[in-house]
Colleague: 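Next up is a structure, given as structure tokens.
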Amino acid sequence: MKTIPFLTDFLHLFFPNVCIACHENHPLENQYLCVGCNFRLPRTDFHFHKENPFTERFWGRFPLVYGASMLYFKKRGLTRILISNLKYKGQKEIGNRLGETYGRTLKASPYFNDMDAIIPVPLHFKKEQKRGYNQSAAFGDGLSVGLEIPQWLDVLKRKRHSETQTRKGTIERLQNVETIFEIIKPEKIEGKHLLLVDDVLTTGATLESCALELLKVEGVKISIVTIAIAVK
């Protein structure tokens, strides 16, 4: 059903459709960023390279087939604003849109076109209930559309809530997420190439914990994609 034009204009007087990054310019219809901010997004080119700064972070930790992030993440910048709005301000659609856009990009890559299914890093049910959704699954929903493969939410489960990773070092992060995930339906993923997805790659502790659990199932291969990768 189409919105009545004069009603849309009336609503915009009270709820102006402005860019969520600069808060000044107006984005195109159904977008969150204006043309200028969209142009300034710090995109990576990792999907063009089998070995890249993303995959380097997992060297010697577990066998990663492919890995990439859509954007660079810094403490100040457009990516931080997007992630913050996605995780803490109820804007689930940001994850959907970013996922769909990146999914289409990955589909054209020589490396990301043979995945069987997407597995999002799960939240503990209490945290997901409080937030209203899993931001990684929101990103995965979009990837599913762009890559034209299913997202499976019934494979990996978080058994217990872990403390926030924000102020923890590498060793503390690893210890914080040890043994907190379990596989629900191992028979579903036997022999599958799975695309594990999350919002931001920092030390990779959570992703490593998920991957190691999934790799316990015979024949499973793991690739990983995130919205962003943290850089200094």
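Predicted, not measured: the structure shown is a model, and the values here were computed from it.
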Colleague: Hey, does Phe181 have a side-chain heavy atom less than 4.5 Å from the side chain of Thr206?
Modeller: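 Of all side-chain heavy-atom pairs linking Phe181 with Thr206, at least one is under 4.5 Å.
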
Colleague: Applying side chain to side chain contact (heavy atoms under 4.5 Å, CB included) to Lys188 and Val217, what does each step give before you reach the verdict?
Modeller: CA-CA 10 Å; Lys188 188 171 183 175; Val217 178; over 6 Å; no

Colleague: Taking Gly204's backbone N and O only, do any of them form a donor-acceptor pair with Arg57's side chain (distance below 3.5 Å, no angle check)?
Modeller: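 Not confirmed, Arg57 side chain does not pair with Gly204 backbone.
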
Colleague: Taking the side chain as C-beta and beyond, is there a heavy-atom pair between Lys107 and Glu148 under 4.5 Å?
Modeller: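 Answer yes - side chains close enough.
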
Colleague: Is Leu214 close to Val155 at the side-chain level, that is, under 4.5 Å between some pair of heavy atoms?
Modeller: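 Yes - at least one pair of side-chain heavy atoms lies under 4.5 Å apart.
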
Colleague: Within this structure, what is the CE-CD1 distance for the pair Met70 and Ile227, rounded to the nearest 0.5 Å?
Modeller: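 CD1 of Ile227 is found 8.5 Å from CE of Met70.
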
Colleague: First locate atom CG of Asn38, then atom SG of Cys19, and finally report the distance between them rounded to the nearest 0.5 Å.
Modeller: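 One gets 9.0 Å once the value is rounded to the nearest 0.5 Å.
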
Colleague: Main chain of Thr105, side chain of Ser109: is a donor-acceptor contact present, judged purely on distance under 3.5 Å?
Modeller: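 Checking the backbone N and O of Thr105 against the side chain of Ser109, no donor-acceptor pair under 3.5 Å is found.
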
Colleague: Report the distance from atom CZ of Phe125 to atom CG of Asn134, rounding to the nearest 0.5 Å.
Modeller: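 Taking CZ in Phe125 and CG in Asn134, the distance rounds to 14.5 Å.
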
Colleague: In terms of ring plane angle, is the pair His47 and Tyr102 parallel, tilted or perpendicular, where the classes change at 30° and 60°?
Modeller: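 Ring orientation, 0 to 90° scale: perpendicular.
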
Colleague: I'd like to know whether NZ of Lys89 has more than 12 heavy-atom contacts from other residues, nucleotides or ligands below 6.0 angstrom.
Modeller: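 No, because the 6.0 Å sphere around NZ of Lys89 holds 12 heavy atoms or fewer from other groups.
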
Colleague: Between Phe46 and Pro53, what is the shortest heavy-atom contact and its length?
Modeller: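 Scanning both residues, the minimum pair turns out to be CE2-CD, 3.5 Å.
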
Colleague: Starting from the C-alpha separation in whole Å, work towards a yes-or-no answer on side chain to side chain contact (heavy atoms under 4.5 Å, CB included) for Cys22 and Asn25.
Modeller: CA-CA 7 Å; Cys22 66; Asn25 301 319; 3.9 Å; yes

Colleague: Which heavy atom of Tyr111 sits nearest a heavy atom of Lys50, and at what distance?
Modeller: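 The answer is CE1-N, 3.5 Å.
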
Colleague: Working to the nearest 0.5 angstrom, can you tell me the gap between Lys92 NZ and Gln135 CD?
Modeller: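 One finds 11.5 Å between NZ of Lys92 and CD of Gln135.
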
Colleague: Taking all heavy atoms of Leu196 and all of Cys210, pick out the closest pair and write down the distance.
Modeller: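 Closest approach of Leu196 to Cys210, heavy atoms only: CD2-CB, 3.8 Å.
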
Colleague: Judged by atom type as modelled, is there a donor-acceptor pair below 3.5 Å linking the side chain of Asp199 to the main-chain atoms of Ser136?
Modeller: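 Such a contact is absent between Asp199 side chain and Ser136 backbone.
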
Colleague: Is any side-chain heavy atom of His26 closer than 4.5 Å to one of Val18?
Modeller: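 In contact.
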
Colleague: Spell out, yes or no, whether Tyr66 and Val220 are grouped together once hydrophobic residues are joined by side-chain heavy atoms under 4.5 Å, including indirect joins.
Modeller: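 Each belongs to a different hydrophobic cluster.
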
Colleague: Assigning hydrophobic clusters by single linkage (Ile, Leu, Val, Met, Phe, Trp, Tyr; side-chain heavy-atom cutoff under 4.5 Å), is Leu64 placed with Val121?
Modeller: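 Yes; tracing contacts between hydrophobic side chains, which count when under 4.5 Å, links both residues.
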
Colleague: Should Thr226 and Asp198 be marked as a side chain to side chain donor-acceptor pair (under 3.5 Å) after you check the CA-CA gap, both sets of side-chain angles, and the distance that decides it?
Modeller: CA-CA 5 Å; Thr226 64; Asp198 203 3; over 6 Å; no

Colleague: If you group Ile, Leu, Val, Met, Phe, Trp and Tyr by side-chain heavy-atom gaps below 4.5 Å, do Leu201 and Leu98 land in one group?
Modeller: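 As far as the 4.5 Å side-chain criterion goes, Leu98 and Leu201 are not connected within one cluster.
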
Colleague: How about Ile119 and Val197: do any of their side-chain heavy atoms sit closer than 4.5 Å?
Modeller: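 A side-chain contact under 4.5 Å is absent here.
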
Colleague: Give the cluster check for Leu123 versus Leu153: same hydrophobic cluster or not, with ILVMFWY residues linked at side-chain heavy-atom distances below 4.5 Å.
Modeller: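 No, because Leu123 and Leu153 fall into different hydrophobic clusters, even though each may have its own neighbours under 4.5 Å.
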
Colleague: If you measure from CG on Leu195 to OG on Ser223, what distance do you get to the nearest 0.5 Å?
Modeller: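 So the CG of Leu195 and the OG of Ser223 are separated by 6.5 Å.
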
Colleague: Find out whether Phe139 and Pro120 are in side-chain contact, i.e. whether some heavy atom of one side chain is under 4.5 Å from a heavy atom of the other.
Modeller: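 Answer no - side chains too far apart.
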
Colleague: Under 6.0 Å from the CD atom of Gln129, do we count more than 12 heavy atoms belonging to anything else shown?
Modeller: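 Not buried by this count: 12 neighbours or fewer within 6.0 Å.
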
Colleague: Looking at side-chain heavy atoms only, is the closest gap between Lys221 and Leu194 below 4.5 Å?
Modeller: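 With C-beta onward as the side chain, the pair stays apart.
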
Colleague: For the side chain of Thr55 and the backbone of Asn52, is there at least one donor-acceptor N/O pair under 3.5 Å apart?
Modeller: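 Yes.
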
Colleague: Going through the checks in order, is the side chain to side chain contact (heavy atoms under 4.5 Å, CB included) test met by Leu215 and Ile222?
Modeller: CA-CA 8 Å; Leu215 286 168; Ile222 297 292; 3.8 Å; yes

Colleague: Ile20 and Leu33: side chain to side chain contact (heavy atoms under 4.5 Å, CB included), yes or no, with the steps?
Modeller: CA-CA 6 Å; Ile20 64 170; Leu33 296 172; 4.1 Å; yes

Colleague: Hey, could you give me the NZ/CD distance between Lys159 and Glu213, rounded to the nearest 0.5 Å?
Modeller: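 These two atoms lie 6.5 Å from each other.
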
Colleague: Just distance, no hydrogens or angles: give the donor-acceptor pairs under 3.5 Å from side chains in residues 71-82, sequence neighbours left out.
Modeller:
residue: Thr79; atom: OG1; partner: Tyr72; partner atom: O; Å: 2.8
residue: Arg80; atom: NE; partner: Lys75; partner atom: O; Å: 2.9

Colleague: If every non-hydrogen atom of Leu147 is compared with every non-hydrogen atom of Gly103, which pair is closest and at what distance?
Modeller: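 Scanning both residues, the minimum pair turns out to be CD2-O, 3.5 Å.
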
Colleague: Is Leu156 linked to Leu143 within one hydrophobic cluster, defined over Ile, Leu, Val, Met, Phe, Trp and Tyr using a side-chain heavy-atom separation of less than 4.5 Å?
Modeller: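 No: no chain of side-chain contacts under 4.5 Å links Leu156 to Leu143.
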
Colleague: Would the distance check show the side chain of His124 and the main-chain N or O of Lys126 forming a donor-acceptor pair, the cut-off being under 3.5 Å?
Modeller: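 Indeed, once roles are kept as given, a pair shorter than 3.5 Å links the two residues.
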
Colleague: Donor-acceptor check, side chain of Arg104 to backbone of Gly146, threshold 3.5 angstrom: yes or no?
Modeller: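 Answer holds: no.
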
Colleague: Looking at Glu218, I want to see if its CD is surrounded by more than 12 non-hydrogen atoms of other residues, nucleotides or ligands under 6.0 Å.
Modeller: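 No - once you tally the heavy atoms of other residues, nucleotides and ligands closer than 6.0 Å, there are 12 at most.
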
Colleague: Could you walk me through whether Arg61 and Glu208 pass the salt bridge (charged side-chain N to carboxylate O under 4.0 Å, His left out) test, one step at a time?
Modeller: CA-CA 8 Å; Arg61 297 166 71 170; Glu208 179 181 3; 2.8 Å; yes

Colleague: For residues Val225 and Phe54, determine if any side-chain heavy atom of one lies less than 4.5 Å from a side-chain heavy atom of the other.
Modeller: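 They are not in contact (no side-chain heavy atoms under 4.5 Å apart), so the answer is no.
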
